[in-house]
Amino acid sequence: MNTSDSADFAGYGEYGEFAPLADGFGDPTDPGNRPARLAVGVVGTGRVGPALGAALQLAGHTVVAASGVSATSRRRAESLLPGVRIVTPPQVLAAADLVLLTVPDDALADLVAGLAATGAVRPGQLVVHTSGAHGVGILEPATRAGALPLALHPAMTFTGTSVDLDRLAGCPFGVTAPEELRPVAEALVVEMGGEPEWVPEDVRPLYHTALAHGANHLVTLVAQAMDLLRTAGVAEPGRMLGPLLGAALDNSLRSGDAALTGPVARGDAGTVRRHLAQLSTVSPDIPAAYRAMARATAQRALANGTIDEASATALLDVLNEETH
């Protein structure tokens, strides 16, 4: 925790008005450890907020209020948090001991600053955001007002339905908090069914980059492969890809680069050339993605000894053809 964080907590004891509750969290992995029940508010009823609110409610807390703008978000809140009051963000904070800020990354800073400026934040109030890209620094305006800042990011994709509650079981959460509040943060994650993974403040952007690169680009890659299979006449591309991609993912998570198979791993430059020729006839955008991924794959294969220098050079020569 930096000196500005320490100053923010000055005057409130080690944990401020939250001290009795914080001291009671203890070991978050102890199933007998039951933190005090909290009144929970959700600001932003997109796909994430209602699911986390519902998970906390299952753990014995009470969701007392939520805010949402669109009709879709309000319906989502009604589905996952039946009976919850839909009010303004300041009204959510007025009712809650723990506030979940589940808004888009780029909206978070302005939201926190606005809530702090209007006096909506109370000393001792837990203010939690779920952005993977930010640590607790972005909550500084609320922290100056006496709030207790936590960054709890579920490393999971959400649907906005009850399916998400099952997916939270064992879900890793990237946890960032002042050191004094680490037991609080980790206990809340465990209560939601997740597994806390500590992420220091200064590497939070890198942590989020890794997750987005893996998950978001995987969706694009799979969608492109499905498009190509449909063009090839496969009626159910997902059914064909499912077992293959499932095995590839499992193997790569277990073995890393050693799981690599296919023409690049074999140094088959001729096959890669034929792939590119096929792609040029059916898609305007996939060839660039194929080249980029094949280059990265060739470089990693060379680095781990899967292919030799000559094979890597031949592959890269093919991948650099027709790029201008």
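One-based numbering along the sequence shown. What you are looking at is a predicted structure, and each value in this text was computed from that prediction instead of being measured.
Of the inter-residue distances, the one linking Arg295 atom CZ with Leu319 atom CG reads 5.5 Å to the nearest 0.5 angstrom. Here CG of Leu228 is found 11.0 Å from CE of Met226. Values are rounded to the nearest 0.5 Å.
Considering only residues two or more places apart in sequence or on other chains, His129 meets the ring-ring contact (aromatic ring centres under 6.0 Å, His included) condition with none of them. The side-chain contact (heavy atoms from CB on, under 4.5 Å) check on Thr72 picks up Ser70, Arg75, Arg76, with sequence neighbours excluded. His275 is linked by a ring-ring contact (aromatic ring centres under 6.0 Å, His included) to Tyr290, counting only residues two or more places apart in sequence or in another chain. Checked against side-chain contact (heavy atoms from CB on, under 4.5 Å), Thr313 has the following partners two or more places apart in sequence or in another chain: Glu309, Asp317.
A 4.5 Å side-chain heavy-atom check between Gln278 and Val282 finds every atom pair outside the cut-off. Annotation: side chain of His134 is in contact with side chain of Leu108 (closest heavy-atom distance under 4.5 Å). A 4.5 Å side-chain heavy-atom check between Leu80 and Ser162 finds at least one atom pair inside the cut-off. Side-chain contact between Arg167 and Thr157: present, with at least one pair of heavy atoms (C-beta onward) separated by less than 4.5 Å. A heavy-atom distance below 4.5 Å is not found between the side chains of His153 and Val175. The side-chain heavy atoms of Leu150 and Val127, taken from C-beta on, include no pair separated by under 4.5 Å. A heavy-atom distance below 4.5 Å is found between the side chains of Leu218 and Val222. When side chains are defined from C-beta on, Gln224 counts as touching Asp285, because their heavy atoms get closer than 4.5 Å.
The cluster map of Ile, Leu, Val, Met, Phe, Trp and Tyr, joined by side-chain heavy atoms under 4.5 Å apart, puts Val42 and Val64 in different clusters. A single hydrophobic cluster is not seen to contain both Leu93 and Leu148; linkage of ILVMFWY side chains at heavy-atom distances under 4.5 Å, directly or through other members, places them apart.
Counting only distance, with no hydrogens or angles, the side chain of Arg74 and the backbone of Gly68 share a donor-acceptor pair below 3.5 Å.
In this structure, a donor-acceptor pair under 3.5 Å is absent between the side chains of Thr143 and Glu140. Asn320 and Arg291 are not linked by any side-chain donor-acceptor pair at a separation below 3.5 angstrom, with hydrogens and angles left out of the test.
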Do any side-chain atoms of residues 98-105 form donor-acceptor pairs under 3.5 angstrom with protein atoms, and if so which ones, sequence neighbours left out?
residue	atom	partner	partner atom	Å
Thr102	OG1	Val43	O	3.4
Thr102	OG1	Gly44	O	2.5
Asp105	OD1	Ser131	OG	2.8

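Leu244 belongs to no hydrophobic cluster with other residues, because no ILVMFWY side-chain heavy atom falls under 4.5 Å from its own, directly or through intermediates.
Scanning all heavy atoms of the two residues, the minimum distance from Val92 to Ala66 falls at CG2-C, 3.7 Å. The two residues Ala265 and Thr306 make their nearest non-hydrogen contact at O-CG2, 3.5 Å.
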Report the C-alpha separation of Glu197 and Arg204 in whole Å, then their side-chain angles, then the decisive distance to 0.1 Å, and conclude whether the salt bridge (charged side-chain N to carboxylate O under 4.0 Å, His left out) test is met.
CA-CA 12 Å; Glu197 179 70 31; Arg204 190 84 177 194; over 6 Å; no
